[in-house]
Number of protein chains: 2
Amino acid sequence: MASIKDVAAEAGVSVATVSRVLNGHPSVSEDARRRVTAAVTALGYRPNAVARSLRTDQTRTLGLVISDVLNPYFTELARSVEEEARALGYSVIIGNADERPDLQDHHVRTLLDRRIDGLLVSPTDGGSPLMLDAARAGTPMVFVDRWIPGVDVPVVRADGREAVRDLVAHLHALGHRRLAIIAGPAATTTGRERVDAFREALADFGLELPGAYIGQGDFQAESGRRVTEGFLDLPEPPEVVFAADNLMVLGALDAVRARGLRVPDDIALAAFDDIRWFVHTDPPITAIAQPTGELGRAAVRALIDRVEGRTGQSVTLPARLVVRRSCGAHPTAVQRSTS
Amino acid sequence: MASIKDVAAEAGVSVATVSRVLNGHPSVSEDARRRVTAAVTALGYRPNAVARSLRTDQTRTLGLVISDVLNPYFTELARSVEEEARALGYSVIIGNADERPDLQDHHVRTLLDRRIDGLLVSPTDGGSPLMLDAARAGTPMVFVDRWIPGVDVPVVRADGREAVRDLVAHLHALGHRRLAIIAGPAATTTGRERVDAFREALADFGLELPGAYIGQGDFQAESGRRVTEGFLDLPEPPEVVFAADNLMVLGALDAVRARGLRVPDDIALAAFDDIRWFVHTDPPITAIAQPTGELGRAAVRALIDRVEGRTGQSVTLPARLVVRRSCGAHPTAVQRSTS
DNA sequence: CTGAAAGCGCTTACAG
DNA sequence: CTGAAAGCGCTTACAG
């Protein structure tokens, strides 16, 4: 592969001059610029980003560590992150933690070794020493969706409190009183917050959230199935199961189907995170939708602000309830969205 | 951030010795090794992968350019690719082309500039000069799922011919005679092959595939909707619509639903690529499943073979039909899978 | 406007 | 077993 030296030789100038025209430096004669450009195309020269990074101490690359690529929510997040980053002149390298702290650490380490300019993380756990150290050491960092309390890092996320309250109001209006939740891992903020929001909303309606109605999931489909089976085995099963993410509701659906039960007649279902398929499931699933694209873009902007020395801000956007049929027929007054 | 010099100073040895212990070189005294290790942990030193890459001319990184991250098929492919690569000591950087040739080129260029060791591509089109040049210039490369004819690059893919024939047999047995297809872009191999396989299978049953029954899609949901609307507007609409990927069938479902029609009573639906949600759609969707994980792993092995100087082989794995209810009730004899 | 030279952080023959 | 030194491909003050 042709190097800058080859280009310099071909153009009859020094490598310094080649570098200057490559980087659009103003003080280069028109003649030199023309010859360099010609040499570049003649040789099919492409600058070596590795060498450039070593020299400039910047990679124009952002790292994104997501909890699970198989989850459409994160996939959409990743897409908007890459899009915004690209628009701002950065590349992004994605690491998939698969909800495993060890894998998460592996990716953080790899990304740090590659000297990415900034790190976007949706932590799978309470934070490993590695990640905490990186944050303290001053690596530009921003948390998206999930975050780690007590660390001085901006957080970009959706607040689902209002939407969860709307959901509970909807369920209550439909006559449901025994509501259960499939929670995410307690080590994650979203795992805890969604249960808290649910519990508080229930309290507003004079309802309780008994321990038996809190199933411990891990944001993966299989745990949704397991927890739902447990609910169905209860002497008094819940009337509604609210899954804290879109994968666990898939598992819940599997479990309900395996028992030959029907939704919403025998049991109602709802989920956090909305995906396109929910319109076409049997029945269409009521869900809480996050402004995913906006979150991704805001996170990138906050991170790049930090990378470039500005102060990146935390951002919290509201989530919203999308009512469908999985919780039962409902008065049109409550209806926020039909599809 | 501490550099190798700092470690050398701290350990009281030369940078050469530090490098040797870092790379597990045998000829280092036990004493030196101990002091270096101690210095490394004391300083929290992490080797700079950028510098190492520049020096060794290898990045231990593979590039993966997929057609669409929002498509669960590619997401699963990406996951298995990363997994296998990691097991073999490589990282992977994913580029999402969003089915756009220009974006694909952008990512190929970026990846090449970063001097990735090898490139895995699922081309969105017939191949840009950039990609063709890279292949000719000897960049280790492997095509997955889709490929470009006439280029000397191994191809790892699924052959859906048998499964498509099984699908047509299934449809024929159910009494369907007017079968239509939503095709992928003619510029992609999968866009063409699936139509060909469909046409051939129809011919085996004495059926034709009229031009009006071939809708031109682009592998995205919206095109599935548009094409399906066109089919429904036909004086004689098809009895079955077969979508060449899982996103377009989503659009088809949207279109059918918008007209108030029912599947399979009014129109039958089937798709290429199986996803977990198909079990829970209304009705469950009959699909052709690819051995996605296997494809990803085989592609990585073939690519790493090339990277490391061995001859990476092309691999073709069979796809299989998964019968559900979207094409109508069916004799259990034909049934390959229920869920 | 232009070039010679230093240096980014590593690895690796080459000597000893 | 160990170190001095060269060099990977760039960028960028410094002189001119």
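Sequence lines set the chain letters: A, B, ... in the order given, protein chains first and strands last, and positions in each chain run from 1.
Contacts with DNA chain D (heavy atom under 4.0 Å) in residues 9-19 of chain B: B:Val13, B:Ser14, B:Ala16, B:Thr17, listed by number. Of the residues in residues 133-141 of chain B, none lies under 4.0 Å from DNA chain C by heavy-atom distance. Within residues 36-60 of chain A, the residues that place at least one heavy atom under 4.0 Å from DNA chain C are, in residue-number order, A:Leu54, A:Arg55.
Residues A:Arg79 and A:Glu76 are not paired through a salt bridge, judged by the lack of any N-O separation under 4.0 Å between the basic side chain and the carboxylate.
At most 12 non-hydrogen atoms from other residues, nucleotides or ligands lie less than 6.0 angstrom from CG of A:Asp57.
If you measure from atom NE2 of B:His25 to atom P of C:dT11, you get 12 Å, rounded to the nearest angstrom. One interatomic measurement links the two molecules: CG of B:Asp6 to P of C:dG9, which rounds to 8 Å at whole-angstrom precision. As a whole-Å value, the separation of A:Leu22 CG from C:dT2 C1' is 16 Å. Note: CG (A:Asp31) to P (C:dG3) measures 11 Å, nearest angstrom. Rounded to whole Å, the distance from CD1 on A:Ile4 to C1' on D:dG7 is 16 Å.
Remark: side-chain polar atoms of B:Thr110 are paired, donor with acceptor, to backbone N or O of B:His106 under 3.5 angstrom. Checking side-chain atoms of B:Thr75 against main-chain N and O of A:Leu70 turns up no donor-acceptor pair under 3.5 Å. Under the 3.5 Å distance criterion, the side-chain polar atoms of B:Ser122 are left unmatched by any main-chain donor or acceptor of B:Asp145.
Judged as a side chain to side chain contact (heavy atoms under 4.5 Å, CB included), and not counting sequence neighbours, the contacts of A:Ala42 are A:Glu10.
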Pair B:Ser67-B:Arg146, side-chain hydrogen bond (donor to acceptor under 3.5 Å, both in side chains): steps then yes or no = CA-CA 9 Å; B:Ser67 321; B:Arg146 326 216 279 219; 3.0 Å; yes
task = With salt bridge (charged side-chain N to carboxylate O under 4.0 Å, His left out) as the test, would you mind laying out the steps for B:Arg100 and B:Asp102 before giving the verdict?
result = CA-CA 5 Å; B:Arg100 285 169 43 191; B:Asp102 61 316; 2.8 Å; yes
message = Working note: A:Glu82 + B:Asn96, criterion side-chain hydrogen bond (donor to acceptor under 3.5 Å, both in side chains); need CA distance, chi angles, decisive distance, verdict.
response = CA-CA 9 Å; A:Glu82 194 276 332; B:Asn96 169 35; 5.4 Å; no
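In this structure, B:Arg46 and A:Asp113 approach most closely via the heavy-atom pair NH1-OD2, 2.7 Å.
A:Met131 places none of its side-chain heavy atoms less than 4.5 Å from the side chain of A:Val151. B:Ser3 places none of its side-chain heavy atoms less than 4.5 Å from the side chain of B:Asn48. Looking only at side-chain heavy atoms (C-beta outward), B:Leu119 and B:Val108 come within less than 4.5 Å of each other.
B:Arg114 and A:Thr61 share a donor-acceptor pair across their side chains, judged by distance under 3.5 Å alone.
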At a cut-off of 3.5 Å, list every protein nitrogen or oxygen paired with a nitrogen or oxygen from nucleotides 14-16 of chain C, distance to 0.1 Å.
none

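In this structure, B:Arg306 CZ and B:Gln313 CD are separated by 8.5 Å, a value rounded to the nearest 0.5 Å. To the nearest 0.5 Å, atom OG1 of residue A:Thr190 and atom CG of residue A:Asp245 are 8.5 Å apart.
Between C:dC10 and B:Lys5, no contact under 4.0 Å exists linking OP1 or OP2 to a side-chain N or O.
Stem analysis of DNA chain D (Watson-Crick or G-U pairs, both distances under 3.5 Å, runs of at least three) returns C:1-3 with D:14-16, C:5-12 with D:5-12, C:14-16 with D:1-3.
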